[in-house]
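Letters go in sequence order (proteins before strands), and every chain restarts at 1.
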Amino acid sequence: MADTYKDYLATRVLHDSRPVTYRLLSRALKVNVNIAKQMLYEFHSSQNTKKPNSVHATFLLTGRRPNSEYTNGTNGRNGEDTIMQSSPPYMSSIPSSMPEPEELPTAPVHKTSIVLVREEELENTKAEFLDITSIHIYSLEAGPIKNLNILSVCNHEVATEYPSKEPLEQWRTYGSIHNPYIKRRDAKFAPPAPKAAPKAAPKPSVAAPAKGKDVSGLGRRGSVSEDNASGRPTPQTTAGIPKALKKSDSQATLKRNTSDIFKSFAKAKPKAKEAEKSKESTPAPPEDDQMQGMSEDEGDEDDLPQVKVDEEKLAAARKARADNEEALRKMMEDDDDDMPDAPLAEEDDSQDAPLDKAPSKPTETEPIVTVQGGRRRGRRKVMKKKTIKNEDGYLVTREEAAWESFSEAEPEPKRPKPAPAKSTSTAKGKKTGKAGQGSIASFFKKA
Amino acid sequence: MVSENGNMLRGAPFEDAASLPSRAASAYNPLHTFDLARGAEKLYSQQYADMYFLRLKQLQKAVKEKAKEAWTDFVLGEERAKMVDKVLDVRQGELCWIVGTVFMEMGLKPNILDDISKEHWIAAPPPRKTYASHEDEMMLEDESGRLRITGEVLNEHYVTGCVLAALGTEQADGTFQVIATQYADLPRQPQRWERDDSELAPTKKSKPKREKAGKVAIVSGLEITGKVDDELALDLLLEYLTGEASGAPDQSKAAQISRLIIAGDSLSQSSPILSREDFAIKKSGKKGYGYDATSYNASPSERLDMLLSEILPTLPITLLPGASDPASVAIPQQSIHPALFPQSRQYANPPAKSNESREGLDSVTNPWEGDIEGWRFLGTGGQTVEDLLKYVDDVEPLEVMEMMLRWRHIAPTAPDTLWCYPYQDHDPLIVKDCPHIYFAGNQAKFDHRTIRGPTGQQVHLIAVPKFTKTKSIVLVDLETMAVEQVEFAIIQPTVE
């Protein structure tokens, strides 16, 4: 261990010219912060004896500074305060009916200063202190830094690069203050039973695409949720499949019709939903459980116990997902090409035709709807009239497809649900892409 | 100069620092005085008049008692002062005293009609720093009517909404010449541990052995923007609170802190309601339909979540919302929704049990009251103080806080100039139990003072400064009630 820190610091500070704080060092090497501070000092002094000024340091001083200087500082900064300063004691203006001001003598407030300073200003700053209770090196840099704010990248790195699996245990390693009373609640969604995985293993080809869709929908939501989708639901999805497949042959259509209404009220039964998802494997409509991570009463996914999953199955799934994403991205790009037309069409409508007339033929195809609490939201494809002047100078009205988002207050139970099923057969790529995006309503859904 | 074990400027061989003492338990028993009903039971259709009526009715008794005590034997000339029940029953020339709610007629006070007319101006005048001017008039009103007040009392600091008893005579022109005033003064103060003990009483359990209480740290106005500029100070705060920064002597001091209170304005400009200026800017921009999701910036709340989740493994937190936080805007502000804290909410109670106390994250209301280590805490995010300061000149925040306690009302200026929930059948903003510690967040500078009440109550008033402005936090020792400050400074290199 003796030399790992030297290697680390040499690479990071001398070679990469990136700053390093004691906290980052302690996380990188898994040592106590107080030892990391000493390591920084050792490295700083040994390097600078070899080659002066090759390494620069910032110091953290803790102690007492004279108070007066500080108050001057605030006055300078805050010009509005001047009124307050000269104010007569308020109590004197209170009539005799008031009790006498019984102010207790207030002892001067003890004030601890924690000051971060470069080595260049260290001596001057030290001289300001009445006494210093602790001093240590805060960070090392390759050269003098102009703005100390860049040191914050180190702590950011601590948070992102070294997230702790067991935050309640890290005091043992890093030496932060231990609080035995803090409890962390487990995430509510239970991790699936590990033994489910091997049973489902023979079916990875079905599971993977279904899951791939999920991920595509989540794509925008950042890596955390993606991890969630990839790490957690895999076994769940696969576990659900064998049963689902059995049922789905006979009851597929019936179930799909009912399930939408159920979804709007009930806490979704995961199994039914998984089953459905696996059935309509191609254009999975945005299901609510994607958003589990955001629901109110659940914890984060980071602390989930790692589920043991077959490595090869995972790899297969990962590959399938990657393929899917690639395909999706292409589709999305296609979409983007279409999109510029849509707003144009709307604009034209607003000028020429009354808005109500715009979707004159309700040729709304396969709206992507999420129903929740009697409110429907989603996107639907609408045929819009677009009037343009053609090259001969005539006005030509054409109908064009445009996507329109909507949300309606009253439920529309009679809406024919098989619509998505139809789309399944045609399997237009466009729809899948959109399906991923239209899932904002599920954000609010309780798991 | 540097103490021996605080000097970490030593190299190999590396010696393990002595392990730090663990934190003490934080005996924490929050009250839910300011929680509003949820969902459809939260009604905004009521009139605010009820609030003034309720306030007068609830405070009348206490104020009357105070006045009786002071003025029953008051004789002016030949005349003895007597009480008149209703403001309208005051007879001219008669020495008497009345109880009523103060109303300040101020030309500069915001007025809804002015607001509407402002819409037609090209540039709205800047918002007022103060409402006070020389033409202000003071009235005293009850359910029957209003009296215009003249006399010495005008030179004092009264604001709309406080309940007073006034002694004087009605003049020929119908104004009421006031000689003296009385207010309710501090209510009863519970004993330390009173509430915890009474909760134990029915279970016949013996009192638990209580360890020596630690300190509570109060910080306000973190105003996280998610930008790099304010990061480093937050880092130092975090490292101080987790006990990573500094050497052994300071680390073990930090270990005495047993709870952190964040008193409002943790995020910068995240209030769901835009200020008039921001709204104008937004309006002048591109016209869009509905909510523009691209304009939402999640990084401030993510940064706050990160900060909280790194503090929480070692320190429990009570989080109050403030004026700039994404909570409700009217007093009492309801707690910040845990969905904003995907990481740190694992330390909070699950929603179903959110009323139970717990070591961890407690997202509470503003104002908030509760017991910490047996002491009653009352705290606000500072809006009440800030608004009251607009009524008066030359007054410091601590004096305002003291007056609010003596008037027994946390937000007397609500609903006049401070947004407030229209309470219908009770007014929780009336101070029923005198706190031991009363803090207000987001003040311009740190200040503290101890005041005493007529029956020996002792209240520690603390004005907590904005962290962004002063980079300092306040520590209160819950055994000795000593107040300390910790400041963080970053000496930026001078530009060469």
(message) Within this structure, what is the CG-OG distance for the pair B/Asp250 and A/Ser134, rounded to the nearest 0.5 Å?
(response) 3.0 Å
(request) Measure A/Leu60 against the heavy atoms of chain B and call it side chain, backbone, both or neither at under 4.5 Å. (result) side chain
(request) Could you list the residues that satisfy ring pair (Phe, Tyr, Trp, His ring centres under 6.0 Å) with A/Phe43, not counting sequence neighbours? (result) none
(request) May I ask you to check whether A/Ser113 and B/Glu487 show a side-chain donor-acceptor distance below 3.5 Å? (result) yes
(message) Quick check: closest heavy atoms across A/His136 and B/Gly247, and the distance to 0.1 Å?
(response) CD2-N, 4.4 Å
(message) Below 4.5 Å, heavy-atom pairs only: which of B/Ala25, B/Ala24, B/Ser252 has the largest tally toward chain A?
(response) B/Ala25
(message) Using side-chain heavy atoms (C-beta onward) and a distance below 4.5 Å, is A/Asn34 in contact with B/Gln251?
(response) yes
(message) Looking at A/Arg23 and B/Glu244, is any side-chain nitrogen of the basic one under 4.0 Å from a carboxylate oxygen of the acidic one?
(response) yes
(request) Verify the distance criterion only: is there a donor paired with an acceptor across the side chains of A/Asn155 and B/Glu310 at less than 3.5 Å? (result) no
(request) Quick one: which of A/Asn149, A/Thr125, A/Ile137 has the most heavy-atom pairs under 4.5 Å with chain B, could you say? (result) A/Asn149
(request) May I ask you to check whether B/Ser246 and A/Thr62 show a side-chain donor-acceptor distance below 3.5 Å? (result) yes
(request) Hey, could you give me the CG/CD1 distance between B/Leu241 and A/Ile177, rounded to the nearest 0.5 Å? (result) 8.5 Å
(request) Could you look at B/Leu312 and say if it's the side chain, the backbone, both or neither that has a heavy atom under 4.5 Å from chain A? (result) backbone
(request) Taking the side chain as every heavy atom from C-beta outward, state whether B/Thr242 and A/Tyr174 have any atom pair closer than 4.5 Å. (result) no
(request) List the steps, then state whether side-chain contact (heavy atoms from CB on, under 4.5 Å) holds for A/Thr112 with B/Gln485. (result) CA-CA 6 Å; A/Thr112 312; B/Gln485 244 190 317; over 6 Å; no
(message) For the interface with chain A, which of B/Arg303, B/Lys253, B/Met306, B/Glu484 has the highest count of heavy-atom pairs at distances below 4.5 Å?
(response) B/Glu484
(request) Give, for atom OG of A/Ser176 and atom CG of B/Leu315, the distance between the pair rounded to the nearest 0.5 Å. (result) 11.0 Å
(request) Taking the side chain as every heavy atom from C-beta outward, state whether A/Ile182 and B/Pro316 have any pair of such atoms under 4.5 Å apart. (result) yes
(message) If we define contacts as heavy-atom pairs under 4.5 Å, which of B/Ala245, B/Ser26, B/Gly243 has the most with chain A?
(response) B/Ala245
(message) Need one label for A/Ile145: side chain, backbone, both or neither, based on atoms under 4.5 Å from any heavy atom in chain B.
(response) backbone
(message) Do A/Leu116 and B/Ile491 have side chains that approach each other closer than 4.5 Å (heavy atoms only, starting at C-beta)?
(response) no
(request) Just give me the residue among A/Ile150, A/Leu151, A/Val33 that pairs up with chain B most often, heavy atom to heavy atom, under 4.5 Å. (result) A/Val33
(message) For the CD1 atom of A/Ile114 and the CD1 atom of B/Ile490, what is their distance to the nearest 0.5 Å?
(response) 11.5 Å
(message) Main chain of A/Leu148, side chain of B/Gln492: is a donor-acceptor contact present, judged purely on distance under 3.5 Å?
(response) yes
(request) Quick one: list whatever passes ring pair (Phe, Tyr, Trp, His ring centres under 6.0 Å) with A/Tyr138, sequence neighbours left out. (result) A/Tyr22
(message) Any heavy-atom pair between the side chains of B/Thr314 and A/His178 that's under 4.5 Å?
(response) no
